Amino acid sequence: MKLNDQDLQYPTEVLEFIAGRIPREMTSVFAEIWNHRADGGITWTHLVSKIGDRYLVEKALLLLETNGFVNVDPSPLDRRQKKYIPDEIRGKQLAVYLRNSKLNPNKEE
């Protein structure tokens, strides 16, 4: 059975439910990952140095990975050197949702 992109996307209601409960400071972690997608992702060390709070990064990555918004790409040369990249489907859904909720803050409720 082959799945298409539609099967992997969250329905709008589910996306709003999950994304609406992501704390604002954790969306900054996702934004950093999203902004480095063209570079093939961002490493843990670089992410922590940009955000400045290791505990926040750990919590955000746990939440984002569990919900399928972010994927981990291990380096073939050094398994300890992982890059965090946004999921092509759900990561993009979250980015669009966050952008739209930022442009239309009254629509969140």
Side-chain angles (χ1 to χ4, degrees):
M1 181 173 129
K2 185 176 178 186
L3 297 175
N4 61 28
D5 290 354
Q6 207 60 15
D7 295 331
L8 301 175
Q9 289 184 355
Y10 280 128
T12 305
E13 302 81 26
V14 175
L15 178 66
E16 289 174 356
F17 178 79
I18 295 171
R21 283 155 180 73
I22 298 174
R24 188 167 303 279
E25 62 271 8
M26 288 188 188
T27 61
S28 66
V29 174
F30 178 76
E32 225 25 79
I33 294 168
W34 181 258
N35 291 336
H36 285 84
R37 69 189 182 281
D39 304 330
I42 184 170
T43 63
W44 163 263
T45 306
H46 194 180
L47 192 56
V48 171
S49 70
K50 292 278 243 177
I51 300 297
D53 183 348
R54 180 180 178 187
Y55 183 65
L56 172 65
V57 171
E58 286 177 356
K59 287 191 316 184
L61 286 175
L62 178 63
L63 181 95
L64 294 167
E65 283 181 66
T66 302
N67 287 297
F69 296 122
V70 171
N71 295 321
V72 181
D73 187 22
S75 167
L77 302 175
D78 183 0
R79 295 187 93 71
R80 294 171 295 167
Q81 194 66 276
K82 300 173 185 169
K83 285 196 171 188
Y84 295 90
I85 54 174
D87 184 78
E88 291 179 12
I89 297 166
R90 289 184 178 173
K92 186 175 181 179
Q93 270 190 297
L94 180 61
V96 169
Y97 173 84
L98 293 174
R99 185 192 65 211
N100 290 341
S101 63
K102 193 174 190 178
L103 294 174
N104 304 317
N106 296 334
K107 192 182 176 201
E108 287 181 12
E109 294 180 18

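No hydrogens, no waters, no symmetry mates; every other heavy atom, side chains included, goes into these values. These numbers were taken from a predicted model, which means no experiment stands behind them.
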### Query
Are side-chain heavy atoms of Asn71 and Tyr84 found at a separation under 4.5 Å?
no

### Message
Are Trp44 and Arg54 packed together at the side-chain level, in the sense that at least one heavy-atom pair is separated by less than 4.5 angstrom?
### Response
yes

#### Entry: Under-4.0 Å salt bridge between Lys92 and Glu88
no

Is there a path of hydrophobic side-chain contacts, each under 4.5 Å between heavy atoms of I, L, V, M, F, W or Y residues, that connects [X] with [Y]?
X: Val70; Y: Val48; value: yes
X: Leu47; Y: Leu64; value: yes
X: Leu94; Y: Tyr10; value: yes
X: Phe17; Y: Leu15; value: yes
X: Val29; Y: Leu62; value: no

### Over 12 foreign heavy atoms within 6.0 Å of CD, Glu65
yes

### Message
Walk me through whether Val14 and Ile18 qualify under side-chain contact (heavy atoms from CB on, under 4.5 Å).
### Response
CA-CA 6 Å; Val14 175; Ile18 295 171; 3.8 Å; yes

For [X] and [Y], work out which heavy atoms get closest and say how close.
X: Gly91; Y: Pro86; answer: CA-CB, 4.4 Å
X: Phe69; Y: Phe30; answer: O-CE1, 3.9 Å
X: Gln9; Y: Gln93; answer: CA-OE1, 3.5 Å
X: Leu56; Y: Met26; answer: CD1-CG, 3.8 Å
X: Arg90; Y: Leu8; answer: NE-O, 2.8 Å
X: Glu16; Y: Arg21; answer: O-NH1, 4.5 Å

### Query
Just by modelled atom types, is the Ile89 backbone N or O under 3.5 Å from a matching donor or acceptor in the Asp87 side chain?
yes

### Query
Okay, side chain of Arg37, backbone of Ile33: is any donor-acceptor separation there less than 3.5 Å?
no

Measure the spacing between [atom1] of [X] and [atom2] of [Y] and express it to the nearest 0.5 Å.
X: Thr66; Y: Leu61; atom1: OG1; atom2: CG; answer: 10.0 Å
X: Ile22; Y: Tyr97; atom1: CD1; atom2: OH; answer: 8.5 Å
X: Ile42; Y: Ser49; atom1: CD1; atom2: OG; answer: 7.0 Å
X: Arg24; Y: Leu98; atom1: CZ; atom2: CG; answer: 9.0 Å

### Query
Can you check side-chain contact (heavy atoms from CB on, under 4.5 Å) on His46 and Glu32, steps first, answer last?
CA-CA 10 Å; His46 194 180; Glu32 225 25 79; over 6 Å; no

### Task
Would you check, one step at a time, whether the test side-chain contact (heavy atoms from CB on, under 4.5 Å) holds for Lys82 with Thr43?
CA-CA 6 Å; Lys82 300 173 185 169; Thr43 63; over 6 Å; no

